[in-house]
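Everything below concerns the one structure shown next.
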Amino acid sequence: MFFEVKANLKRHEVEKLAAAGVRWIQPGIESLDTRVLKLMRKGTTSAHNVQLLKWCRQYGVRVSWSLLWGFPGECDAWYAEMASWLPLLHHLQPGPAVRLRYQRYSPYHYTAEKHGLKLLPAAPYRYVYPLSERDLSEQVYYFEDSEDHDVGGHFTPRDENRPGLNAVAKGIDAWLKAWRGPTFSMLSMQDNGDEIIVEDTRAIAIEREHRVRGLEREILLAADEGSPETRLCDRPGAANVMQGEIDEAIANMIARKLIVRLDARLVGLALWHPYTPILPLTAFPGGYLDRRSTPVALPRE
């Protein structure tokens with residue numbers, strides 16, 4: 001089964017969906033930067049979205065999602081920061097980078113002036129309907145900003161004035177390419193009580209196997225839950241530990257590329273072994289068109 005869902009699903013909810021036979025979802029992830037998500041009024045964060053991608057990979061649920069860009073008020077530095085850690089996610093399912101489109105009935109349409117927009121009907125409409133600009137504006141669904149230098153252009157994140165966005169575009173391309181291969185990279189872990197053994201086959205891996213013990217093990221367990229960094233002292237193994245030791249252990253785990261710091265939270269990236277294998281693209285519940293197959297003649301009635 002397939003569902004469109006919100007992106008604020010919790011781990012146990014994804015597990016229940018998978019147990020019920022849901023094999024594909026389309027969540028409203030839309031971005032991996034909390035500041036961009038706030039511009040969208042999404043109500044979620046970068047940490048939430050990364051966690052959702054991880055849990056879907058854990059339970060074998062495929063994800064359809066896109067990384068939107070081009071929002072009024074966004075900062076290119078945000079994208080440069082995002083690009084720096086995208087390679088950490090290559091074991092999770094990627095989504096393409098897609099430019100924002102201004103739609104009728106959206107907040108950007110209703111309050112265009114508030115966002116500094118001067119909206120016009122999207123360029124393709126002018127080639128289809130022999131109407132005035134005013135009449136088109138009353139009819140069409142998609143709009144473009146007249147102040148945008150790329151009006152009517154290619155909706156691709158290639159802009160010499162946006163190095164951060166270009167870096168994200170390249171990062172997304174590399175991520176998508178990693179998922180076209182015969183095998184997917186993986187970051188998974190097992191806990192035997194004294195140590196966590198982590199297997200890492202990502203291209204960015206520092207080591208193929210990590211053995212995590214003591215305070216670092218507690219940090220990895222806390223990060224698996226996406227815990228706020230300020231709550232680390234509440235972990236049993238972190239009690240009565242100097243803050244300097246905690247900071248050093250966190251820095252080591254980040255350097256080993258097993259966790260990432262997002263929104264003042266530590267987010268663990270590894271799946272738990274065993275995990276559910278992800279289904280092939282041909283398993284999409286809505287059907288699949290194989291353009292390479294030989295046409296089959298249907299019997300006549």
Side-chain angles (χ1 to χ4, degrees), residues 2-10 13 25-53 56 63-83 86 94-129 131-159 161-162 164-169 172 262-265:
F2 165 87
F3 283 101
E4 292 188 19
V5 298
K6 295 187 71 174
N8 60 353
L9 295 177
K10 298 178 175 58
E13 292 172 327
I25 62 172
Q26 181 179 328
I29 290 178
E30 318 299 16
S31 182
L32 297 178
D33 186 278
T34 298
R35 293 159 293 192
V36 178
L37 291 166
K38 285 182 178 179
L39 292 179
M40 299 185 221
R41 303 176 187 175
K42 269 294 185 180
T44 57
T45 66
S46 173
H48 289 142
N49 288 345
V50 172
Q51 288 283 73
L52 177 59
L53 289 174
C56 287
V63 184
S64 293
W65 69 281
S66 300
L67 191 149
L68 301 184
W69 61 275
F71 291 87
E74 70 182 15
C75 178
D76 193 59
W78 301 348
Y79 289 92
E81 183 180 326
M82 188 195 310
L86 282 183
V98 178
R99 185 176 181 174
L100 170 69
R101 300 183 71 176
Y102 302 111
Q103 298 179 349
R104 182 177 294 278
Y105 311 121
S106 71
Y108 289 122
H109 177 245
Y110 279 129
T111 58
E113 293 183 0
K114 175 183 176 181
H115 298 284
L117 300 171
K118 295 181 179 179
L119 297 184
L120 297 174
Y125 288 115
R126 302 187 189 104
Y127 297 96
V128 179
Y129 301 108
L131 300 175
S132 68
E133 199 78 2
R134 180 177 178 178
D135 288 339
L136 273 179
S137 295
E138 295 176 351
Q139 299 292 330
V140 305
Y141 191 68
Y142 292 110
F143 295 83
E144 294 172 347
D145 181 16
S146 63
E147 301 296 312
D148 191 338
H149 69 277
D150 193 34
V151 166
H154 298 291
F155 287 81
T156 56
R158 312 292 182 184
D159 188 336
N161 298 316
R162 298 288 304 273
L165 181 59
N166 288 340
V168 165
I172 291 290
L262 299 171
D263 312 316
R265 292 176 179 269

Does atom CD of Glu113 have more than 12 heavy-atom neighbours, drawn from other residues, nucleotides or ligands, at distances under 6.0 Å?
-> no

Closest heavy-atom pair and its distance - Pro27, Lys6 | CB-O, 4.1 Å

Would you call Leu52 and Val63 a side-chain contact if the rule is heavy atoms closer than 4.5 Å?
-> no

Non-hydrogen atoms of Tyr79 and Leu165 that approach each other most closely = CB-N, 3.7 Å

Sub-3.5 Å donor-acceptor pair from the side chain of Arg126 to the main-chain atoms of Pro121, do we have one?
-> yes

Would you confirm whether Ser64, through its side chain, and Gln26, through its main-chain N or O, come within 3.5 Å as a donor-acceptor pair?
-> no

Start with the C-alpha distance between Thr44 and Asn49, add both sets of side-chain angles, then the distance that settles side chain to side chain contact (heavy atoms under 4.5 Å, CB included), and finish with yes or no.
-> CA-CA 7 Å; Thr44 57; Asn49 288 345; 3.9 Å; yes

List the steps and the verdict of side chain to side chain contact (heavy atoms under 4.5 Å, CB included) for Gln103 and Phe143.
-> CA-CA 6 Å; Gln103 298 179 349; Phe143 295 83; over 6 Å; no

For Lys118, enumerate each residue passing the salt bridge (charged side-chain N to carboxylate O under 4.0 Å, His left out) test, keeping only those at least two apart in sequence or located in another chain.
-> Glu147

Can you tell me if CZ on Phe2 sees more than 12 non-hydrogen neighbours from other groups inside 6.0 Å?
-> yes

For residues Pro72 and Leu100, determine if any side-chain heavy atom of one lies less than 4.5 Å from a side-chain heavy atom of the other.
-> yes

What are the two closest non-hydrogen atoms of Ala47 and Arg265, and how far apart are they?
-> CB-CD, 4.1 Å

Under the salt bridge (charged side-chain N to carboxylate O under 4.0 Å, His left out) test, residues paired with Asp76 that sit two or more places apart = Arg162

Under 3.5 Å, side chain of Asn8 to main-chain N/O of His48, donor-acceptor pair present?
-> no

Separation between CE of Met82 and OG1 of Thr34, rounded to the nearest 0.5 Å = 9.5 Å

Short N-O contact, Arg35 and Asp33, less than 4.0 angstrom | yes

With no hydrogens and no angle check, is any side-chain donor or acceptor of Arg104 less than 3.5 Å from a backbone partner on Val140?
-> yes

Contact summary for Ile172 and Gly95, nearest pair of heavy atoms | CG2-O, 3.5 Å

Side-chain donor or acceptor of Glu74 paired with backbone N/O of Gly70 under 3.5 Å = yes

Test log, rule side chain to side chain contact (heavy atoms under 4.5 Å, CB included), inputs Val168 and Trp69 | CA-CA 10 Å; Val168 165; Trp69 61 275; over 6 Å; no

Which pair of heavy atoms, one from Ser46 and one from Leu37, lies closest together, and at what distance?
-> N-CD1, 3.7 Å

Test ring-ring contact (aromatic ring centres under 6.0 Å, His included), reference Tyr102, set Tyr141, Tyr110, Phe71, Tyr108, output is Tyr108

Heavy atoms, side chains only, cut-off 4.5 Å: are Tyr125 and Leu131 in contact?
-> no

Verify side chain to side chain contact (heavy atoms under 4.5 Å, CB included) between Asp135 and Tyr129, making sure each step is shown before the conclusion.
-> CA-CA 10 Å; Asp135 288 339; Tyr129 301 108; over 6 Å; no

